[in-house]
K.L.:
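Sharing a structure below in structure tokens format, with a few things to ask.
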Amino acid sequence: MKELIIALIAGVGAGGLYAMLGAGLVVAFRGSGVINFAHGAVAAYAAYTFDELRENGDVYLPWFDPIPEFGFLKTLRINNLPVKLHLGEDPSTWLAVAVALLMSAFIGLLMHFLVFRPLRNAPTLGKVIGSVGVMLYLSSIIAVNFGGQNRADVGFGGFTTDSPAVEILGGTIPRSNFYLLAAAVVMGAAVWALYRFTRFGISTRAADENEKGAALLGYSPQFIAGANWVLASVLAGAAGVLFIHKTQPALFVLFVVPALGAALFGNLSSVPGATVGGLLIGIAASGGVELADKGWWPAWLPAEGVRNTVPLLVIILILYFRGDKLPIRGSISIGRQPRAPESNNVLIGLGVCVGIAILLSNIFVSSWEAILTTSLLATLFMFSLVVLVGYLGQISLVQFSLAGVAAFTMTRLAADGTKVRPNDFFVNTGWDLPDPLAALGAVIVATIVGLVVGIPALRIRGVQLAVVTLSAVIALEDILIRNTTLLGEGAKSTNPTPEPSWFGQYVGAFNPDTNRTDYWKYTAFLILAVSLVGVAVANLRRGAMGRKFLAVRANERAAAAAGIDVSKTKMLGFGISSAIAGIAGVLFAYKLPAVSSDNFSVFAGLALLAFAYLGGITTIGGAVIGGLLVAGGLSAETLGVHFEDIDVAYINAVGAIGLIINAIVTGGEGIAMLQTDQGKHILAGLRRDPTIAPPDSVLNLTQEEIQGDVEGALV
Amino acid sequence: MTKNILETDGLTVTFGGLNANDSVDLAVPEGTFVGLIGPNGAGKTTFIDAITGYVGMSAGTATFDGEDIGALKPHERAGKGLIRTFQSLELFEDLSVRDNLLVAGYPTKWYTFILDMLHMTPKNQEIEERVDWALDILNLTDVADAMPTDLPHGRRKLVGVARALAAKPKLILLDEPAAGLDTTESTNLGRQLRTFLDHDMSVFLIDHDMGLVLSVCDYIYVLDFGQIIAQGTPAEIREDPAVKAAYLGEQAGEVQAQEADRIRESQQEEVPS
Amino acid sequence: MTDTATTTSSSAATGETLLDISNLSAGYSGVAVIRGVNLHIKSGEVVALLGPNGAGKTTTLLTVSGLLKALEGSVAVLGAPTTFGAPHKTARRGLAHVPEDRSLFFGLTVQENLKLGLRGSRSEQAAGYETALDLLPALKPLMGRRAGLLSGGEQQMLAMARALVGKPKLLLVDEMSLGLAPIIVERLLPIVRDIADNTGAGVLIVEQHVHLALEVADRAYVMSHGEIVLEGAAAELMERRDLLEASYLGGGLEEDA
């Protein structure tokens, strides 16, 4: 009991961080109506900037040099985009703090002017995509600029690793935990006072509530939005710098999840509420982790899982019961979705794609096997997004985790307790099922988990669903993937895959003889799977159920009026999509000698979503293009031949930029749609189609307001 | 007289203390054409929303085809043949006009998606024919394969009506179908609406275009401030002084004074201090 | 529907032109809801814009403020053209627009709402504050209350006061009487007359209560189906109730009668 109380008190440390980040999320939301998934990434960038400056005296600007320095470009001394600035040896801590905060402010400005201002009239979907794009971009840029190496920043002021311990109830808690609590409270109070007493703050609250009213009084909503973006980013930066002594800066990116829980606790509008919410989440998580150490705690629920499940539970509960009361801004545009045309020449397209794939595969002697299968796997996975996000309009960020669940479940179901390959470190025990059955079981498990994850979607939609599914990613990873009790000893590092044999044929990609992943039967097996699933997904769009999917996506109200059971339809979509994700997960595992949770990380999932959008989320063709674009896939590697080693992070950063531009320019339609007439207009910059032109009213006029006039006067 | 396909008894809808519909008693006899008129904000759309399950009733009952439908969800009510259109289009914009209609009519089972994936869903001839008929009756056959967004506003409006027709309604509830139509279109629509009665359905029309309502309805209810202030045949309604007053916005003070009090009360309840 | 009655200009229209709408068409999604609207307001004038529901009155006002894009024609507010998409710029030049929904900030107190309407130097702010509260003294005891807790009439007073504290040169008031008891409207409407007389501001009111509106206005325009079908001095329109009725009830009654 005493330990529990100590743990609960110690939780104010992490709670303070969540509170600070949550307050920043509220600020950004009040200023612009955007739920900023990239908020944690801003904190991470600031923390890295701080550390890098202290360690090496360098500042990295938040972009990368698009012109690689090698070969003739180097000799030409083309002046590249500056990225790294040297500020001198051993700068003072306070300079580092100041620069880190300035960097955050700068990132806030960039986000406002380059992403969210252009998206101000976009439907919710566009804003979510933009925000996810920024998150992916910043985390990729962090990987590019700051590399993968560990940081060991000791912190500064009272916020240090060697912070003296405070003794409570015989236990010890670092004093810095209380400093973090104090910092969160001070920050929350400062923002609260700003919103309460200054004209800027009052106008922000005013514009948040009624943008039109504020504009009619002479306040520019865009100025207010920009200023709040800067403020929110500075708050994120401060949180990053203050907390850096506790953790690796890279981890900040995903602290956006508990921060979202905190912000929702504050109803997305109250800074004090978010502060309290953040502290409570930190305290509850810390207490939960402590409990997980007890003997009676079920072993299948690991401590880390508890830590990450707390925010998920908070988010689901708040959204489920108070979701309809959240101030998600109403807008004149119901939210136009990217078009989802029927695929006409399914068989011809299939033939062409299979032909090309076979040409590139080892069947006709080629060294493209590994790259080809990467693209094929990505395409196969993207089919699950086509069904769920494209056809049904449910933005789910969790699908790739379901692929991971399937992959790990498959290894467990098929394992027989013997060493599979001589190099394997772990030996997995399991049910020793025949491979097809193990695969089927894995797909079923993924489908069931997907259905469970989909339950909130019955009441939660749009951006809120994105929030839930993002937090589900984090929780699933610890509960279902990195869970040694459920999935075997290797679950936390690498879990060996069985050598898959279907009906007597070895269909794995790993060739033990050559020690390479290029076995042709695997490629053929994968081509077959992609073809079958692709045709099925294309046909789904043409059928009666596909029509209902699109009807639900377009308009849930009208769908119900047409007699469609919206709940059942959504569940069906989650089920189909999760099953496809499961298939992709199993086949991904077949490619590798061992799977690790890193294969299914949240960033890998976001990158796949980004490229699926970039390719065209609504069509089979889009998934194929998306598959070609992914890091390690055909297009990236084709370029790689000419541009030396292109990092995965570069590709993902480019993908993120593409995703953002895609959201701004085409409303998320993607490359596959550029072949259509409308797409050509977009390309030509014409955009005269009234249905896609930006709305001619700048602000969120209420429906009633325009109704009267539109109805009566169209004569 | 025949039985009533739709009947409401004391139907009341309350939004935060304010009665948007106040004890509305209304009946649609089977096979007839009934209209509901009233100025903007009178509660007409709220009435349709309540009947079709989009807003909850706080008091009263709604009976459709002899069955109390108060507890059913919107799609279940639609399944019983109570089909509505929407004032603000609400079409499925990604589906062609024809598909918009097919969505409403096509029966699906849980396993339909499997047949879909194999491209083996059997064509339902009856539905296809019904869709053709609905397209034809509203002169939409030539744009069956177009996307709704490519059509002018007036024809989009008709797609909404056609979609409701395709869903095999026993009672079709039309929420301002003529709004946005030009005079010719509106007259044509009125003529078409009358013919609906020949196809085993009753019609309930909401509009604030007096001309249309007076010319096509058998019986008319007038709603103002959530209450039925008059009812009768078109001839009776035309002569009713209360109707004129409601439309000129010079309603005597009493109702509005009550209204102001209600607004005040509701806001005090709603916003915690 | 083109039976324009009289075009006599008003007696009060002597000052500079504050609002000049010429040949304006505007609407939503590229579809014109109002067409060929010509309308002007001079300093010290109260002008009523009348017409049945859906005639395009609100659309006209939204376009004046720059909330809607003009498809054709032009709008000049206080000597400069309205910029679409930047209503705040027009507002800073001295336009106050009280929209149909009042656009109050319910989460803010009465005082905070008013504070946002203030303009200019500290002394100008104080003066504006005083003028507004002198005209609407009922707000004085409500300063600390949240706008969402006010009654409909009080909300409308607050909306008016918030527009007035900034000492506007041109005031647009959309449907002041919506949801209000006539007795409150009778008390509120004359305020716009005072403002025009005392500050020289031009005022445009959109009203359902035709008679009340004509009592305070110098001139009036009547819209129907997106066009101005009638315009003239308020006193004259008062006499021609038949014309008004025709434009309100539209063809509906006539056709079948």
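We name chains A, B, ... by the order of the sequence lines, and we start the count at 1 in each one. This is a predicted model, so every value here is computed, not measured. Excluded from the calculations below are hydrogen atoms, water molecules and symmetry mates; all remaining heavy atoms, backbone and side chain alike, are included.
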K.L.:
Between the side chain of D116(B) and the main-chain N/O of M545(A), is any donor-acceptor distance below 3.5 Å?
P.N.:
yes

K.L.:
Give, for atom OH of Y106(B) and atom NZ of K548(A), the distance between the pair rounded to the nearest 0.5 Å.
P.N.:
10.5 Å

K.L.:
What distance do F86(B) atom CZ and N555(A) atom CG have between them, rounded to the nearest 0.5 Å?
P.N.:
6.5 Å

K.L.:
Check each atom of L532(A) against the heavy atoms of chain B and say whether the ones under 4.5 Å are side chain, backbone, both or neither.
P.N.:
neither

K.L.:
Between atom CG of L540(A) and atom CE of M117(B), what is the distance when rounded to the nearest 0.5 Å?
P.N.:
5.0 Å

K.L.:
Quick one: what part of A559(A) sits under 4.5 Å from any heavy atom of chain B, side chain, backbone, both or neither?
P.N.:
both

K.L.:
Any idea which of G546(A), G543(A), A551(A) has the most non-hydrogen atom pairs under 4.5 angstrom with chain B?
P.N.:
A551(A)

K.L.:
Closer than 3.5 angstrom, by distance alone: can the side chain of Y54(B) be matched with the main-chain N or O of A561(A) as a donor-acceptor pair?
P.N.:
yes

K.L.:
In Å and rounded to the nearest 0.5 Å, what is the CG to CZ distance from D94(B) to R547(A)?
P.N.:
14.0 Å

K.L.:
Between I564(A) and chain B, with a heavy-atom cut-off of 4.5 Å, which part of the residue counts as in contact: side chain, backbone, both or neither?
P.N.:
both

K.L.:
Can you tell me how far the CG atom of N539(A) sits from the CD1 atom of I114(B), to the nearest 0.5 Å?
P.N.:
13.5 Å

K.L.:
Would you indicate whether the side-chain heavy atoms of L550(A) and F92(B) approach each other to under 4.5 Å?
P.N.:
no

K.L.:
Could you pull out the closest heavy-atom pair between A78(B) and A560(A), with the gap in Å?
P.N.:
CB-O, 3.8 Å

K.L.:
Which of the residues L91(B), L102(B), I83(B) is involved in the greatest number of heavy-atom pairs with chain A at under 4.5 angstrom?
P.N.:
L102(B)

K.L.:
Quick one: pull up NE2 in H75(B) and CG in D565(A) and give me the separation to the nearest 0.5 Å.
P.N.:
3.5 Å

K.L.:
K73(B) versus chain A, heavy atoms under 4.5 Å apart: side chain, backbone, both or neither?
P.N.:
neither

